[in-house]
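Presented below is the structure to which this report refers.
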Amino acid sequence: MQRVAIYPGSFDPVTNGHIDIIERGLKIFDKIIVAILHNPGKEYLFNIEERMDMLEKSTKKLENIELDAFNGLLVDFADQRKAQAILRGMRAVSDFEYEFQMALMNRRLNREVQTVFLMTGLRWIFTSSSIIKEAARFGGDVSGMVSSLVNRKLKEKFGFV
Ligand code: COA
């Protein structure tokens, strides 16, 4: 049986921290479906097509991954894609409460899907898409935290090129 995990997120935009989790996940799972899902609590900077395009280009060297998008419950998507697991990255302790809550809700909604947490690389422990967007908005240098393509897209979005 193929071990398949969904790696869900907003990816607004994808960062090197996300790529780090995907690479770690590929050591455990046969296939990872990286999926853009909707978090109703967020307002997005990039639309879904832009986010997908950045994901596609930032992950093109990785094997055994698929990209997808879904507008609904994460566990329904996992069911639809026959995935046994949901992969989430754990950064600082501050992630714990939110992740714990989400994992327990997902388990309540579908007991067959397990949430697996992987520790992010130390260098990404305080990285987030929001903090990157905030720095980029005011012209800060975020190269090294995102791919060169995402870096360019951020500059374009905030009018620096
Ligand atoms: N390195 C760097 N940053 C990371 C990271 C890592 N390894 N892992 C997560 N992050 C950051 C993201 O950049 C993001 O930063 P931001 O909040 O500043 O944008 C943050 O951590 C968490 O975002 P992400 O992992 O993209 O998840 P999310 O909280 O935006 O989205 C969904 C969560 C989309 C998976 C969730 O809302 C969902 O499942 N939605 C569908 C509806 C559903 O089923 N809900 C759950 C049950 S009710």
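In listed order, ligands and their atoms are each counted from 1. What's counted below: heavy atoms across the whole structure, side chains too, no hydrogens, waters or symmetry copies.
- Contacts with ligand 1 closer than 4.0 Å are made by heavy atoms of both the backbone and the side chain of Leu74.
- Atom 36 (C) of ligand 1 has Met102 SD, 3.9 Å as its closest protein atom, hydrogens excluded (heavy atom only).
- Here the side chain of Asp30 pairs no donor or acceptor atom with the backbone of Val4 at under 3.5 angstrom.
- For atom 26 (O) of ligand 1, the nearest protein heavy atom (residue, atom name, distance) is Ser10 N, 2.8 Å.
- Using a 4.0 Å cut-off to heavy atoms of Thr120, the atoms of ligand 1 that qualify are 7 (N).
- With salt bridges taken as basic N to acidic carboxylate O contacts below 4.0 Å, one links Glu156 and Arg152.
- Contact atoms of ligand 1 toward Ser128: 3 (N), 13 (O), 15 (O), 18 (O) (distance under 4.0 Å to a heavy atom of the residue).
- For the residue pair Asp12/Ser10, the side-chain donor-acceptor check at 3.5 Å is not satisfied.
- In this structure, atom 25 (O) of ligand 1 lies nearest to the protein heavy atom Arg88 NH1, 3.1 Å.
- At least one N/O-N/O distance between Tyr98 and ligand 1 falls below 3.5 Å.
- Put simply, no part of Asp12 is less than 4.0 Å from ligand 1, judged by heavy atoms.
- Val34 places a side-chain heavy atom less than 4.5 Å from the side chain of Phe11.
- The local environment of CZ in Phe100 is sparse, with at most 12 non-hydrogen atoms from other residues, nucleotides or ligands closer than 6.0 Å.
- Of all protein heavy atoms, the one lying nearest to atom 15 (O) of ligand 1 is Ser129 N, 3.4 Å.
- Using a distance-only test at 3.5 Å, with no hydrogens or angles considered, a donor-acceptor pair links the side chain of Gln84 to the main chain of Gln2.
- Remark: the backbone N or O of Val75 is not paired with any side-chain donor or acceptor of Asp79 at under 3.5 angstrom.
- Closer than 4.0 Å to atom 45 (N) of ligand 1 lies none of the heavy atoms of the protein.
- Ser130 OG, 2.4 Å is the protein heavy atom nearest to atom 18 (O) of ligand 1.
- Between Lys153 and Glu50 there is no salt bridge, since no side-chain N of the basic residue sits under 4.0 Å from a carboxylate O of the acidic one.
- Closest protein heavy atom to atom 2 (C) of ligand 1: Thr127 O, 3.3 Å.
- For ligand 1, the atoms closer than 4.0 angstrom to any heavy atom of Thr15 are 2 (C).
- Each of the following atoms of ligand 1 lies closer than 4.0 Å to a heavy atom of Gly72: 41 (C), 42 (C).
- Within the listing of ligand 1, atoms 43 (C), 44 (O) sit less than 4.0 angstrom from a heavy atom of Leu73.
- Of the heavy atoms in His38, only backbone atoms (N, CA, C, O) come closer than 4.0 Å to ligand 1.
- Within the 4.5 Å cutoff, side-chain heavy atoms of Leu87 are placed close to those of Ile21.
- The parts of Asn39 lying near ligand 1 are both backbone and side chain, judged by heavy-atom distances below 4.0 Å.
- At least one donor-acceptor pair closer than 3.5 Å links the side chain of Tyr44 to the backbone N or O of Asn39.
- Scanning the protein heavy atoms around atom 1 (N) of ligand 1, the nearest turns out to be Gly17 CA, 3.2 Å.
- Paired with Val14 under the rule side-chain contact (heavy atoms from CB on, under 4.5 Å), one option of Thr59, Leu55, Val146 passes, and it is Leu55.
- The single protein non-hydrogen atom nearest to atom 19 (O) of ligand 1 is Lys42 NZ, 3.0 Å, given as residue, atom name and distance.
- Any N or O atom pair closer than 3.5 Å counts here, and Asn106 shares no such pair with ligand 1.
- Side chains of Leu62 and Glu23 form a contact here, defined as non-hydrogen atoms less than 4.5 Å apart.
- Stacking of Arg91 on the aromatic ring of Phe126 is not recorded, the 6.0 Å distance cut-off and the 45° axial limit not both being met.
- Geometrically, ligand 1 and Arg91 share a nitrogen or oxygen pair separated by less than 3.5 Å.
- Looking at Ile21 against ligand 1, only its side chain comes within 4.0 Å, counting heavy atoms.
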